[in-house]
Amino acid sequence: MKLYNTLGRQIQQFQPLKEGEVSLYTCGPTVYDYAHIGNWRSFVFDDTLRRVLESEGYKVKHVMNITDVGHLTSDADEGRDKLEAGAESRGSSVWDVAEHFIEIFIKDSEKLNILPPNGYKENRSAYARATDFIDEQIGIVKILLDKGFAYKTDEAIYFEVSKLDSYGKLSGQKLEDKEVGAREDVVTDANKRHPQDFALWFFTVGRFAGHEMKWHSPWGTGFPGWHLECSAIIHATLGDPIDIHTGGVDHIGTHHANEMAQTEAAFGNKLANFWVHNEHMLVDGKKMSKSLGNYITLEEVLKRGYAPADLRLLYLQAHYRSQMNFSWEALTAASVRLKGYRAFADLRFQPGGESALKNEAYIKIQDEINQALADDISTPKALSLLDALAEQAQDKGSEREPLVGFLKFIDNALGLELLASEDINTQQKRLIHQREQARAIKDWKESDALREALNKQGLDINDTSRGPVWSRG
RNA sequence: GGCGCGUUGGCCGAGGAGUUAGGCAAAGGUCUGCAAAACCUUUUACACGGGUGCGAAUCCCGUACGCGCCUCCA
């Protein structure tokens, strides 16, 4: 299997640290608001990566965090904790806000058929919350202070980036260059030794005096900085180094750079061997983001009558490393395409013709799809292979068992849930049978009436040389 | 200013030196008793200017435009 590694900027042969096992970590959501479909593109990609790894035979241990504290709205002095800001605007406590949006996030994940993480806990609360790892985070701060990588001011404890030679290796950008280009309107803490130094721990003083979420630490009451949770959770759950760390491209320069720095400085370990980043979803050529207000939520997609799987297919049509432009037209196209796949899947309930597709055809395509997916998760290629096969099957019919096996493979790898549909009921089967009898005696009036009745139940009938084939309208 | 990515037919999008992506939409057609279904066909698209090749959408250089990161962000 080959994957593009941001660390090194090239496609590399994937080799896990432990034979047959993969540790995978994903930066999860900050639960202060609804996730938008750009966020979901990223999480669906993580899920697809995991599914492909599993289909390659690896046992995958997947951990995803949930940021429920410490994520500031900016690094500027007026930056506030997102959770705190969200709670204030909703008039409820931060804990309630977090709980509320965690619940929504999990529900939406289920709708999109995203497998829950399995590397921390094996249940619905399998997501690793930052607030459940406060001690671990404090532990890292302690090590970093002891080793001289961190320093304390009145407001916070900072990581001193200039103490770590490898800082910034992920983005390939030199520290000096960043400094020169720093924007003027970003106010930095006067006590920081370097503008790029980032907070490990904030004290509940000054602008954070009223912070609701706070914990005791050896240095004073406060709360952790955002980047720290990932290092702590990985260390506590999967153990560093891990095989693969994923996230959006926007994290390359700061969040991931800081995670790496913390782990390397504290534990002397690499954080991850592979860094896999997905590109953004755009709207009218611009990045979908909350600050621009051009974002679309899953809720809106569903409200407009699309299924979660339509969205999932839309994501899979583009390669994860290319920006993708969202439009309702494109989503409709995906929806129609998926309908074609469903019709293909429904062939398993129907008799195949004499030239019905046999096992060999499926084995061959399955092999090719596996190759496409193993080649840096080329889902678009995999889908076009699926199209070709579906068309053949539509034309010739299919033997049942090989089709079911193939659909199971597709569902496992792509999460499209093609096996979720059920057979039509006996009454509907009877209507189809009656229509055939009417057609045999050329009673077109009766046969058209029966077809009409079936249409009303959402079934299309296609009269083929091998008999009537139904599909869902 | 620095770092990185991109520009493909009406739309979405693969591919990436010689041969076809695919999906959606539109038009025509085939099958059919009919058909909304299915299937087939549809003027061969790769920003622009150079360069290197027998040959470039594909490699190199430049230009234009767009996007992302360097501030929170999937």
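Chain letters run A, B, ... following the sequence lines, proteins first and then strands; every chain starts at 1.
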(message) Both A:Ile252 and A:Glu279 contact RNA chain B. Taking the nearest nucleotide for each, which residue is further toward the 5' end?
(response) A:Ile252
(request) Pick the C1' atom in B:A45 and in B:U7, then give their distance to the nearest Å. (result) 13 Å
(request) Specify the separation, in whole Å, of atom OH of A:Tyr315 and atom C1' of B:C12. (result) 15 Å
(message) Distance check, rounded to the nearest 0.5 Å: A:Met64 atom CE versus A:Tyr25 atom OH?
(response) 9.0 Å
(request) Please state the P separation for the pair B:A17 and B:G49 - nearest whole angstrom. (result) 23 Å
(message) Check for me whether the distance between the ring centres of A:Tyr167 and A:Phe159 falls short of 6.0 Å.
(response) no
(request) Rounded to the nearest 0.5 Å, what's the gap from NE2 on A:His251 to OG1 on A:Thr254? Could you check? (result) 9.5 Å
(message) With a cut-off of less than 4.0 Å, is there a side-chain N or O of A:Gln323 near OP1 or OP2 of B:U7?
(response) no
(message) Measure CG/A:Asp448 against P/B:C34 and give the value in whole Å, please.
(response) 11 Å
(message) Tell me the interatomic distance from A:Leu282, atom CG, to B:C11, atom C1', rounded to whole angstroms.
(response) 15 Å
(request) Rounded to the nearest 0.5 Å, what's the gap from CH2 on A:Trp470 to CD1 on A:Ile461? Could you check? (result) 9.0 Å
(request) Starting at atom CZ of A:Arg9, determine the distance to atom C1' of B:G4, rounded to an integer number of angstrom. (result) 6 Å
(message) Output the rounded distance in Å from CG (A:Leu383) to C1' (B:C12).
(response) 13 Å
Which atoms of nucleotides 37-40 of chain B (N or O only) lie under 3.5 Å from a protein N or O atom, and what are those distances?
from  : atom 1 : to       : atom 2 : distance (Å)
B:A37 : N1     : A:Asn462 : OD1    : 3.3
B:A37 : N3     : A:Asn462 : OD1    : 2.5
B:A38 : O4'    : A:Asn462 : ND2    : 3.4
B:C40 : OP1    : A:Glu391 : OE2    : 2.6

(message) Using only atom types and a distance under 3.5 Å, with no angle test, would you say the side chain of A:Asp68 pairs donor to acceptor with the backbone of A:Ala98?
(response) no
(request) Record whether the side chain of A:Asn325 comes under 3.5 Å of the base of B:G13 through a donor-acceptor pair of N or O atoms. (result) no
(request) Pull up the glycosidic torsion of B:G18 and say syn or anti, syn being anything within 90° of 0. (result) anti
(message) Distance check, rounded to the nearest 0.5 Å: A:Leu314 atom CG versus A:Met324 atom CE?
(response) 4.0 Å
(request) Establish, with yes or no, whether the OP1 or OP2 oxygen of B:C31 is under 4.0 angstrom from a side-chain nitrogen or oxygen of A:Ser465. (result) no
(request) Report the stems of RNA chain B as range-with-range entries sorted by first number; a stem here is at least three consecutive pairs, Watson-Crick or G-U wobble, both distances under 3.5 Å, and write none if there are none. (result) B:1-7 with B:64-70, B:10-12 with B:22-24, B:26-30 with B:38-42, B:47-51 with B:59-63
(request) Kindly confirm or rule out a cation-pi arrangement of A:Arg321 over A:Tyr4, judged by NZ or CZ under 6.0 Å from the six-membered ring centre and within 45° of its axis? (result) yes
(message) Using only modelled atom types and a 3.5 angstrom limit, is any donor from either the side chain of A:Arg451 or the base of B:C34 paired with an acceptor on the other?
(response) yes
(request) Take atom NZ of A:Lys287 and atom P of B:A74, then tell me their distance rounded to the nearest Å. (result) 8 Å
